[in-house]
Asks: 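Take a look at this one; I'll ask things after.
Labels below follow one simple rule: chain letters A, B, ... track the order of the sequence lines, proteins then strands, and each chain is numbered from 1. Just so you know, these numbers come straight off a predicted model, no measurement behind them.
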Protein chains: 2
Amino acid sequence: MNSRISARDRDPVFAIPLTLPAAGSGQLTGTLHRQLRAAIIDGRLAAGTAMPSSRKAADALGIARNTAVAIYDLLIAEGYLLPRKGARPVVADIAMRHPRARAAPKGAATQLRKQIVAPTWQSPSAAPHAPQPLPPRSFRLGVPEHRHFPHEIWRRLNARAWRRWSKHPFDHPPIEGIPPLREAIAHHVAFARAVACTGDDVMVTSGAQQAFDLLARLLVTPAVTRVAVEDPGYEPLRRAFQAAGARLVPVPVDDEGLRVDLLPTDVRVICASPSHQSPTGVALSMSRRAALLAHARMHDAVVIEDDYDGEFRYSSRPLDALQTLDRDARVFYVGTFSKSMFPAMNAGFVVSPSWARDALLAVKRVTETHSAGPLQEALAEFIREGHLARHIRKMTATYAERREALLEGLHVDLHRWLEAIPSIAGIHLAAKIDAGANLRAVVDAMHRHLPGAEVVPGDSTRPGAPSIVAMGFGVIDVEDIRPAIRRVSMMLSRNQPDGR
Amino acid sequence: MNSRISARDRDPVFAIPLTLPAAGSGQLTGTLHRQLRAAIIDGRLAAGTAMPSSRKAADALGIARNTAVAIYDLLIAEGYLLPRKGARPVVADIAMRHPRARAAPKGAATQLRKQIVAPTWQSPSAAPHAPQPLPPRSFRLGVPEHRHFPHEIWRRLNARAWRRWSKHPFDHPPIEGIPPLREAIAHHVAFARAVACTGDDVMVTSGAQQAFDLLARLLVTPAVTRVAVEDPGYEPLRRAFQAAGARLVPVPVDDEGLRVDLLPTDVRVICASPSHQSPTGVALSMSRRAALLAHARMHDAVVIEDDYDGEFRYSSRPLDALQTLDRDARVFYVGTFSKSMFPAMNAGFVVSPSWARDALLAVKRVTETHSAGPLQEALAEFIREGHLARHIRKMTATYAERREALLEGLHVDLHRWLEAIPSIAGIHLAAKIDAGANLRAVVDAMHRHLPGAEVVPGDSTRPGAPSIVAMGFGVIDVEDIRPAIRRVSMMLSRNQPDGR
């Protein structure tokens, strides 16, 4: 550690230039908050760095103590700072920069090793998506219901696959996935999502995350390629593109989804989750879908469509997938079975334009030789025999009830603090936190009574943008939803009689 | 396609500068062969490019036709050229460059897409390790015996794991692998290979290939980091480091293994397969192991120890793993269950120094969120209940017989053309092709009578170095080995009565 580093450790805030807005402009909190967040995101404030006490920061910046407190609260609520009992908050690892980006230009191994152990690396505990100790039934995101899964059927198919497999000589399954599974997936997405493809267009991956990583490695020229990502958006996808050296361009999301009109013309890759945006849950409107594809065509970009839980739809008229509307072979469609089946399946897939197929295969060959064969066979049968479609149909009904209860609770009990964001699919709902509400109070109430719910910044490009609460209903029972919501409402009312 | 490209298509050889040695130096074949191979390896001769006919090449270079033929034969035998029935041979995809390395600096998507579909990308068929249509029983490399595997036990443990799993709420298994498996692996490598580690040091990966990819992404600064790889060596490992942008430094291998004395002082990463070098099969001598670690210490490099089939040992005094000898936390030990169990398991692991643990985890988080949970549980039980150790013991005896038969055949029947390379472990044997032998004849005989056996260049840094034949005995029965060898011997004797 050289002196500059330790100096930063002492007072990180003073190591980065902060510009204060005109006095009385009412922009103070927002401006400082935005600048600090930027410093954390681009790593100028290294993960693990202890922030100065709010008093110290206030003095150093010549601002009111409560302003400093408010800024810290906001950063904590957004997950950019990690609170520590009775200690100064530390910078969370949002940056997640790739070791290459950090490795010493001279490449001396001593350097290299220092780089590798640099605190910017997230530790398992500090990981954004590290499993938190949550009660089994909670509002956590991205985890589907295990109670109604046809376990016996799955076990039977799995056992059968291993038995059949044991009769044949050992071999390496093909890197792109076994043909029966690729066929089955092609039929499934054609049927469930009107995605036009054949088995040849399908590559099986280790979950959606591997798909993102492979696509990033395929499409990104480090420090050159600009990649548009939704803001707010799915952090692990950003991480994959950041690691590949992409220049990320956050593009805001409103009630119609991605603000296509704000897409820069020089982005070569556009990442979108049109059926159920993560985390806001909004669906990309039909006109925006057309506009997005038109933009991609005009400016020669490719689109990565993340349809992570688009199978659960609650609208009579589902919107077509971008891949379905694409006439120009620009869309990579990414799907996963982690939500429609279970996370431990760890199976996902990419439907790619034929022009990219071999290249994608070559990239996968670099990172992995194949995925476990018999498991693929069992999955193929599960889909082919119609169990997946049946399960999705059944779960859509179950999730729909929970969703209704949650929506009702938001409207009836929490309308003073939260405004539900319209959505038509998925296994979570999001709501905007009223700009006037006491963010910290809302966050506390959520953490207390809606375990697993997450508060995320609404739009990192607009300081004033309301924060968002995302609530999953994959592992909460319908009868437990309203009571939990009421407890939140009671706690907030006590704390803010006027709703403010 | 611009004119330059098409010009190259017409006559690739003339697009690259070839230097002819002094007339009568006897170096002609070797020199031209080395230069052409270099051009293929670094991609100046793009994959898929059709070579000119040997006559045309001979005329253009002013060399004898049979010299051109000899060079083509050598490149074909080594896999750098792909022969085509009645057509000119085409350049195989050895280069395997990463799209980034190829992407247009301007990054225009049109460019980008052209780059992506550039022919340098290997198609599934052209893939070095694509499954060839081989008879079930053959001399193919890297595939273990399925007949003696305890399938019933495995199926029972697998079924039990899924049953137990079905009782619990769905969740994402930890990225680094489930604790019971990491513990079990730690005990296994401690017992089987005297590798000193705890479960905390173990990360579960999707086979050894993912381990190589993660380590490459962790340790390589693109275009900066120099990485020493064995020559000849394991192509998929090279591919992972090439894709990460490493500057590969091929280091020759002799009968004591890696030529540590030839290691440059500026390599930051040294890749070695000490127990059973791939493909020569030699074991790194004790003195070389000490020297390798000393070199790493003195020049501050890290070592990646690939112990891909070190469990099958035929010597009374096994050599310690580098990780065991390492006192300096420089060695990453990579293992796999693809050989000791079966390839479809697709499970491998890295034992890493504690200083790199979190960083490695962060890299894995980028590329994958976890590996299938219940499968990990079944594997953990398989190891913990001693089935793996028992299976390895049993198979070591079985493989030893096959190995003996193969060695005897080489000594008795093929000594005129082949010289067995000493080894003490693994499930394949390698032999040097006598410099005087007719390489093409040997290759033909191998392909005819030892299906699956592979011919690889002995040392790409020395043109004169003898080529090597690698013969697997994972899926060939002991009684079939000698007869096959005799057929090779008979064919070669007919073709070269004097053994030349």
Asks: Using non-hydrogen atoms and a 4.5 Å limit, figure out which bit of F149(B) sits close to chain A: side chain, backbone, both or neither.
Replies: side chain
Asks: Quick check: do H172(B) and V143(A) have side-chain heavy atoms less than 4.5 Å from each other?
Replies: yes
Asks: If you count heavy-atom pairs under 4.5 Å with chain B, which of V475(A), N158(A), L237(A) comes out on top?
Replies: N158(A)
Asks: Test S166(A) against every option in E152(B), R155(B), H146(B) by the side-chain contact (heavy atoms from CB on, under 4.5 Å) rule and name the one that passes.
Replies: R155(B)
Asks: Does any heavy atom of chain B fall under 4.5 Å from the side chain of R163(A), the backbone, both, or neither of them?
Replies: both
Asks: Does the side chain of R365(B) reach to within under 4.5 Å of the side chain of R239(A), using non-hydrogen atoms?
Replies: yes
Asks: P353(A) versus chain B, heavy atoms under 4.5 Å apart: side chain, backbone, both or neither?
Replies: neither
Asks: Does any part of the side chain of Q242(A), heavy atoms only, come nearer than 4.5 Å to the side chain of V366(B), both counted from C-beta?
Replies: no
Asks: Return the option, out of R147(A), H168(A), R137(A), with the maximum number of heavy-atom pairs under 4.5 Å with chain B.
Replies: H168(A)
Asks: For D213(B), is there an ion pair with R217(A) - N to carboxylate O distance below 4.0 angstrom?
Replies: yes
Asks: For the CG atom of L157(A) and the CH2 atom of W162(B), what is their distance to the nearest 0.5 Å?
Replies: 11.5 Å
Asks: Could you check if a side-chain atom of H151(B) sits within less than 4.5 angstrom of a side-chain atom of W165(A), using non-hydrogen atoms only?
Replies: yes
Asks: Identify which part of F212(A) has an atom lying under 4.5 Å from any heavy atom of chain B, answering side chain, backbone, both or neither.
Replies: neither
Asks: If we only count heavy atoms from C-beta on, is the I175(A) to Q209(B) side-chain gap below 4.5 Å?
Replies: no
Asks: So which residue, P374(B), P144(B), A159(B), S338(B), ends up with the most heavy-atom pairs under 4.5 Å with chain A?
Replies: P144(B)
Asks: Given heavy-atom pairs under 4.5 angstrom as the criterion, report whether the side chain, backbone, both or neither of E145(A) touches chain B.
Replies: backbone
Asks: Which one of A223(B), P343(B), A208(B) has the most heavy-atom pairs closer than 4.5 Å to chain A?
Replies: P343(B)
